[in-house]
There are 2 protein chains.
Amino acid sequence: MGTTQLESVPEPKYWHLKTVLSEALDSEFAVGEILPNERDLAARFGVARATLRQALEQLELEGRLQRRRGVGTTVAPPRMGVSVGSEQHAWPGGPHDAWHAVDCRLEVPPAALAETLVTATDEAVHIVRRSRVSRGQPVASELLYIPSASVPDLSGIDAPSGAARARAVLRELQRLELERQENAVELGSAGADAAKELDRLPGAPVLVVTTRHIARGRTAALSVATYRADTCRLTFGDSGGVEIHHGPERQAS
Amino acid sequence: MGTTQLESVPEPKYWHLKTVLSEALDSEFAVGEILPNERDLAARFGVARATLRQALEQLELEGRLQRRRGVGTTVAPPRMGVSVGSEQHAWPGGPHDAWHAVDCRLEVPPAALAETLVTATDEAVHIVRRSRVSRGQPVASELLYIPSASVPDLSGIDAPSGAARARAVLRELQRLELERQENAVELGSAGADAAKELDRLPGAPVLVVTTRHIARGRTAALSVATYRADTCRLTFGDSGGVEIHHGPERQAS
DNA sequence: GAGTGGTCTAGACCACGGA
DNA sequence: CCGTGGTCTAGACCACTCC
């Protein structure tokens with residue numbers, strides 16, 4: 001009879017909160033604007049701070065907010081499109097490359113990668129570290145694993161390490177004819193090292209792009225790049241990609 | 001002097017916990033095995049349940065664990081590679097398509113998409129809903145936005161709605177010559193609708209793949225597909241992709 | 001009904017950034 | 001120094017699955 005169970009599945013408070021905040025973000029806040037602090041917001045909505053934080057966490061995951069300890073919570077700009085696959089059939093370090101080399105070491109790679117690299121599990125490879133900056137902020141950090149076999153002629157390279165050597169190794173790589181590359185994307189969380197480089201806390205969500213560069217039928221190089229998931233939209237294929245907006249976007253004055 | 005500040009930056013408990021658990025997962029547990037419940041684990045490690053949960057959350061985000069209410073926490077199998085870009089230059093619904101059509105509606109798309117679709121903001125388009133299953137479990141849910149202009153000859157289609165109509169619309173789409181497609185990947189969280197279809201709770205992390213299908217220089221169709229981020233590794237380009245393992249993988253008996 | 005993970009509370013202290 | 005977000009605690013109750 002009459003007792004129709006409206007809200008028989010009551011949605012969690014944090015979920016409702018997220019919705020309310022999301023709408024407020026669209027209509028009442030400008031990009032870059034600072035939100036009230038968490039204690040105030042929690043009080044205003046009549047919930048515990050932990051609950052409020054659960055909602056903020058989701059919004060940050062979706063790239064709507066940016067939180068920084070000691071500073072506050074700000075409205076994030078729309079994610080930037082970062083091209084990943086358009087350098088199709090191009091070696092790392094080639095012209096128009098968005099990366100810049102940091103350093104280069106000669107080390108034994110993690111056992112998990114040896115299989116893909118088709119090297120012995122105890123064979124050292126060149127590991128080039130690179131970083132990528134877009135619109136003034138770091139967006140990705142990469143480790144490039146290059147078996148010695150891919151860059152046979154490294155004599156005459158004076159720099160024993162550092163950025164200069166990294167560039168030299170990449171230059172050597174260009175001499176191989178690139179057949180194709182295979183990309184994979186998955187969700188991960190930033191390790192302590194990558195976190196520092198991306199200016200995030202450890203554990204921050206990242207998109208891990210694994211690229212296998214294939215030349216002469218063999219894996220000539222393996223790249224593992226971690227992109228900030230909060231600020232980046234990865235674009236594959238041809239051009240800059242699709243523009244999606246959540247709602248009205250204004251700029252903080 | 002002498003008081004060298006070891007652990008001047010003490011790592012958070014949950015972070016340390018995550019590391020310990022991660023190693024235990026590699027060495028002491030088999031895929032599919034059920035972990036002790038959260039209260040026991042928390043007690044065993046001498047932390048509050050909330051802290052233990054923070055560690056489990058991270059491991060689930062990384063695809064190492066799977067948690068189900070009323071059941072328990074199990075060790076997840078390695079992520080499955082799901083091909084996304086290899087159907088390059090193929091329309092949705094073509095042969096070897098991993099999707100299966102669910103239904104089709106004629107509706108006005110969200111304003112955020114109208115711009116990309118190059119339609120008037122109040123113009124209705126065909127919205128085909130599809131789902132994708134891999135290894136027996138749902139991995140993705142998709143909404144395909146197809147302007148009427150892309151499928152001009154829909155007369156003679158008897159089915160007014162449902163899966164039959166969806167297939168008919170896709171069949172019509174095949175007649176256009178596909179120029180190219182542009183893909184973008186970003187992190188999102190599952191809405192209530194997608195969550196149900198993916199057998200996850202709302203807010204679960206998903207990888208949103210936006211694909212713009214271009215024919216005759218215009219956007220002929222726009223696809224927004226949400227993949228389960230915990231179980232999927234998206235592969236772009238040629239073949240099945242790169243295999244990465246965390247450590248020893250065993251199978252539950 | 002028993003046991004699981006999911007939500008929520010009301011506190012506390014800590015680490016960091018900026019004035 | 002203060003105010004911010006980040007971590008942590010010790011409880012409570014709820015929703016779900018399975019027996």
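This is a predicted model, so every value here is computed, not measured. Chain naming here is simple, since letters A, B, ... match the order of the sequence lines and numbering starts at 1 in each.
Exactly one of A/Glu60, A/Glu38, A/Gln58 qualifies for a side chain to side chain donor-acceptor pair (under 3.5 Å) with A/Arg53. That residue is A/Glu38.
Looking only at side-chain heavy atoms (C-beta outward), B/Leu187 and A/Leu187 come within less than 4.5 Å of each other. Side-chain contact between A/Val139 and A/Val133 is absent, with no heavy-atom pair separated by less than 4.5 Å. Considering only heavy atoms from C-beta on, B/Arg165 comes within 4.5 Å of B/His126 through its side chain.
Among the protein residues, B/Leu201 comes within range of the sugar-phosphate backbone only, with heavy atoms under 4.0 Å from sugar or phosphate atoms but none that close to a base.
In this structure B/Glu142 satisfies the side-chain hydrogen bond (donor to acceptor under 3.5 Å, both in side chains) test together with B/Arg130, B/Ser223, sequence neighbours excluded. Every residue two or more places apart in sequence or in another chain that forms a side-chain contact (heavy atoms from CB on, under 4.5 Å) with A/Asp40 is listed here: A/Pro36, A/Asn37. Checked against side-chain contact (heavy atoms from CB on, under 4.5 Å), A/Thr226 has the following partners two or more places apart in sequence or in another chain: A/Ser141, A/Ala194, A/Leu198, A/Val206, A/Val208.
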Distances under 3.5 Å only, N/O to N/O: pair up the protein atoms with those of nucleotides 1-3 of chain C.
none

What pairs of donor and acceptor atoms, side-chain ones from residues 100-113 of chain A against any protein atom, are under 3.5 angstrom apart with sequence neighbours left out?
| from | atom 1 | to | atom 2 | distance (Å) |
| --- | --- | --- | --- | --- |
| A/Asp103 | OD1 | A/Arg129 | NE | 3.4 |
| A/Asp103 | OD2 | A/Arg129 | NH2 | 3.2 |
| A/Arg105 | NE | A/Glu107 | OE2 | 2.8 |

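For the segment residues 41-50 of chain B, residues with any heavy atom less than 4.0 angstrom from an atom of DNA chain D are, sorted by number, B/Val47, B/Ala48, B/Arg49, B/Ala50.
Regarding A/Leu35, its CG atom lies at a distance of 9 Å from the P atom of D/dG5, rounded to whole Å. Computed from coordinates, the A/Glu38 CD to C/dC14 P distance equals 18 Å when rounded to whole Å. Computed from coordinates, the A/Glu11 CD to D/dC14 P distance equals 18 Å when rounded to whole Å. Atom pair B/Arg67:CZ and C/dT7:P shows a separation of 9 Å (rounding to whole Å applied). Separating the CG atom of A/Asp199 from the P atom of C/dC16 is a distance of 13 Å, rounded to the nearest angstrom. Atom P of nucleotide C/dC8 and atom CG of A/Leu56 are separated by 14 Å, given to the nearest angstrom. B/Gln54 has its CD atom 11 Å from the P atom of D/dG6, to the nearest Å. To the nearest angstrom, C1' of C/dA10 lies 13 Å from NZ of A/Lys13.
The number of heavy atoms from other shown groups lying within 6.0 Å of CZ (B/Arg49) is above 12.
Nearer to the 5' terminus of DNA chain C, by closest-nucleotide assignment, is the contact made by B/Gly72 (compared with the other of B/Gly72 and A/Trp15).
Using a 4.0 Å cut-off, some side-chain N or O of B/Arg53 falls inside it from OP1 or OP2 of C/dG6. Residue A/Thr51 has no polar side-chain atom (N or O) positioned under 4.0 Å from OP1 or OP2 of C/dT7. Listed pair B/Tyr14 / D/dC8 fails the phosphate criterion, with no side-chain N or O lying under 4.0 Å from OP1 or OP2. An OP1 or OP2 oxygen of C/dG5 is reached within less than 4.0 angstrom by a side-chain nitrogen or oxygen of B/Thr73.
Between the side chain of B/Arg39 and the base of C/dG5, at least one donor-acceptor pair of N or O atoms lies under 3.5 Å.
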Legend entry - Criterion salt bridge (charged side-chain N to carboxylate O under 4.0 Å, His left out) on A/Arg64 and A/Asp26, from CA distance to verdict: CA-CA 10 Å; A/Arg64 308 287 312 273; A/Asp26 285 338; 2.8 Å; yes
